[in-house]
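Data block below; observations after.
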Amino acid sequence: LLQPAVSVGNVGQLGIDLVISTLGMTKVGYFYTDCLVPMVGNNPYATAEENSVELSINAEVYSLPSKKLVVLQIRSPFIKNKYRPFCETLLSWVKSSKCARVIVLSSSHAYQRDDEQLLGTPLRYLLTPDLEKAVGGLMQELKWKEMEKVAAYPGINETEKVLHIPGGGITKLLFTESCSKGIQMAVLLKFCSEGDNIPDAFALVNYLNEWLQLIKSEVSTSNDSTDASSQWKIPSSWRLLFGNGLPPALF
């Protein structure tokens with residue numbers, strides 16, 4: 001199961017858009033929940049006028065049996081104080097659907113990094129203990145950097161370290177709950193700022209692709225380049241990412 005955390009810059013959601021669009025995934029259902037702001041719109045992956053009128057809502061499930069991949073796309077923010085009920089519903093669904101592992105695409109505020117996190121790549125990963133046993137060695141081979149823990153009380157007590165993902169939305173809660181429930185979960189995240197986050201989305205899906213090989217990649221993406229971006233198919237809805245153009249009547 002691949003899904004986004006609704007986090008800074010919506011990077012995870014944009015990344016999921018690229019995966020669904022590029023792999024031509026089929027919508028198989030909705031994830032019905034009262035934890036998200038209600039939303040309805042046109043088909044974001046429309047390829048022709050005929051399928052552009054299909055409706056889409058705030059949480060939908062897409063499938064690609066050939067790659068044993070299921071994707072949950074979340075399109076609206078969480079309602080206040082509904083993080084925990086959503087996590088519980090999601091993880092019970094993961095268990096009942098017998099998902100082998102869960103990968104969460106997320107992001108975190110670039111300006112809140114500590115000194116250690118400023119070094120090297122802006123991409124990080126986290127693995128629950130159950131998944132660490134299975135793929136930990138592969139991450140070492142890929143030379144990926146694990147998300148650093150930071151001091152719980154900076155300047156007072158530097159020895160006590162905690163996981164801190166500012167701007168990460170449900171990421172930390174989902175991850176810690178998965179650790180305690182024995183679910184195999186990986187979090188892939190990028191440090192970024194709000195703005196035009198399309199390059200961040202490309203960097204994150206290229207990072208994911210290094211591991212899962214969803215599409216054939218000729219380019220090494222470890223240096224946060226977006227050279228491989230041409231291989232991902234941009235969905236039609238991205239034309240309106242920043243709203244409509246300025247109305248001519250203004251001038």
Side-chain angles (χ1 to χ4, degrees), residues 1-48 51-64 69-91 93-94 97 99 102-108 165 167-175 185 187-190 192-205 208 214 232-244:
L1 171 69
L2 181 63
Q3 68 154 87
V6 183
S7 51
V8 55
N10 305 320
V11 177
Q13 292 151 292
L14 292 171
I16 296 290
D17 265 357
L18 288 169
V19 171
I20 294 170
S21 183
T22 305
L23 300 178
M25 297 183 76
T26 312
K27 181 163 37 170
V28 292
Y30 304 100
F31 190 79
Y32 183 74
T33 170
D34 63 354
C35 302
L36 294 163
V37 173
M39 180 230 103
V40 66
N42 285 49
N43 178 6
Y45 312 115
T47 50
N51 65 3
S52 66
V53 292
E54 292 171 13
L55 290 182
S56 64
I57 64 163
N58 54 11
E60 296 183 324
V61 182
Y62 295 78
S63 159
L64 188 65
L69 181 68
V70 171
V71 169
L72 167 66
Q73 175 62 303
I74 301 172
R75 296 198 178 92
S76 69
F78 285 88
I79 290 168
K80 199 177 178 185
N81 302 329
K82 291 281 192 175
Y83 276 15
R84 194 166 287 280
F86 179 82
C87 287
E88 286 166 4
T89 309
L90 177 73
L91 295 179
W93 175 62
V94 164
S97 324
C99 290
V102 184
I103 301 173
V104 179
L105 298 186
S106 183
S107 50
S108 182
I165 309 175
I170 59 167
T171 309
K172 185 178 172 182
L173 181 62
L174 256 184
F175 182 74
M185 178 180 282
V187 173
L188 306 189
L189 68 82
K190 185 176 190 297
C192 67
S193 306
E194 291 277 6
D196 178 358
N197 296 100
I198 291 174
D200 299 311
F202 277 122
L204 194 58
V205 288
L208 171 74
L214 296 174
W232 297 100
K233 184 183 170 196
I234 292 177
S236 52
S237 53
W238 280 24
R239 285 175 307 168
L240 300 172
L241 210 53
F242 299 104
N244 294 325

From the list Ile103, Leu1, Ile16, Leu23, side chain to side chain contact (heavy atoms under 4.5 Å, CB included) with Val71 holds only for Ile16
Could you tell me the separation between the CG atom of Leu214 and the CG atom of Leu208, rounded to the nearest 0.5 Å? 5.0 Å
Ignoring hydrogens and angles, tell me if any N or O in the side chain of Ser108 forms a donor-acceptor pair with the backbone of Gly168 under 3.5 Å. no
Any chance you could lay out the side chain to side chain contact (heavy atoms under 4.5 Å, CB included) test for Phe175 and Val102, step after step, and finish with the verdict? CA-CA 10 Å; Phe175 182 74; Val102 184; over 6 Å; no
Nearest 0.5 angstrom please: Ser106 OG to Leu188 CG, how far? 9.5 Å
If you apply the rule side-chain hydrogen bond (donor to acceptor under 3.5 Å, both in side chains), what do you find for Tyr30 with Asn58, and how did you get there? CA-CA 9 Å; Tyr30 304 100; Asn58 54 11; over 6 Å; no
Here the gap from Ile74 atom CD1 to Asn10 atom CG, rounded to the nearest 0.5 Å, amounts to 11.5 Å
How long is the straight-line distance from CG of Asp17 back to CZ of Arg75, given to the nearest 0.5 Å? 6.5 Å
Within this structure, what is the CG-CD1 distance for the pair Leu14 and Ile198, rounded to the nearest 0.5 Å? 7.0 Å
Atom pair CD1/CG of Ile79 and Asp34 - distance to nearest 0.5 Å: 6.5 Å
Before giving the answer on side chain to side chain contact (heavy atoms under 4.5 Å, CB included), spell out for Ser107 and Asp200 the whole-Å C-alpha distance, their side-chain angles and the decisive distance to 0.1 Å. CA-CA 9 Å; Ser107 50; Asp200 299 311; over 6 Å; no
Taken in chain and number order and not counting sequence neighbours, the residues that satisfy side chain to side chain donor-acceptor pair (under 3.5 Å) with Ser76 are none
Kindly determine whether Leu174 and Val104 satisfy side chain to side chain contact (heavy atoms under 4.5 Å, CB included), including the steps that lead there. CA-CA 9 Å; Leu174 256 184; Val104 179; 4.2 Å; yes
Check the pair Tyr45, Gln73 against side chain to side chain contact (heavy atoms under 4.5 Å, CB included), reporting the backbone distance first and the verdict last. CA-CA 12 Å; Tyr45 312 115; Gln73 175 62 303; 3.8 Å; yes
